[in-house]
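Below is one structure, written out as structure tokens; the observations come after it.
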Amino acid sequence: KNWAKLLELLTAFMKEAEIKFETGAERKEWVMMAIKASAETINYEIDEKVISDLIDQLCAMSKVVNGKEQPENT
């Protein structure tokens, strides 16, 4: 499938949402809508739960990488 393209779109939407919206909930809602609309263009059937969880994981990882939070197991 087009997992790499989907991930590329997802990260681009997340970057854009970071600028456009103030709250995490608003950002995630917009990213979910954008990725659902775009999935058809790359011929990729998405699982909304998987995408939602992936967004949460990417956000958590970015906080650790950027030094805003410590990993749970440290």
Checklist entry - If you look at every heavy atom in Ser38 and Phe13, which pair is closest and at what distance? => result OG-CZ, 3.2 Å
Next on the checklist: Under the rule for side chain to side chain donor-acceptor pair (under 3.5 Å), what residues qualify as partners of Glu29, not counting sequence neighbours?
Outcome noted: none
Just distance, no hydrogens or angles: give the donor-acceptor pairs under 3.5 Å from side chains in residues 47-55, sequence neighbours left out.
residue : atom : partner : partner atom : Å
Asp47   : OD1  : Lys49   : N            : 3.0
Asp47   : OD1  : Val50   : N            : 3.4
Glu48   : OE1  : Lys36   : NZ           : 3.4
Lys49   : NZ   : Asp53   : OD1          : 3.1
Lys49   : NZ   : Asp53   : OD2          : 2.9
Ser52   : OG   : Lys28   : NZ           : 2.7

Checklist entry - Rounded to the nearest 0.5 Å, what separation is found between the CE atom of Met32 and the CG atom of Leu10? => result 9.0 Å
Next on the checklist: Same cluster or not: Ile35 versus Met33, using hydrophobic residues (I, L, V, M, F, W, Y) connected whenever any side-chain heavy atoms lie under 4.5 Å apart?
Outcome noted: no
Checklist entry - Do the ring planes of Phe21 and Trp30 sit parallel (below 30°), tilted (30 to 60°) or perpendicular (above 60°)? => result tilted
Item to check | Any residue meeting side-chain contact (heavy atoms from CB on, under 4.5 Å) with Glu8, in chain and number order, not counting sequence neighbours | outcome: Lys5
Checklist entry - With no hydrogens and no angle check, is any side-chain donor or acceptor of Arg27 less than 3.5 Å from a backbone partner on Met14? => result no
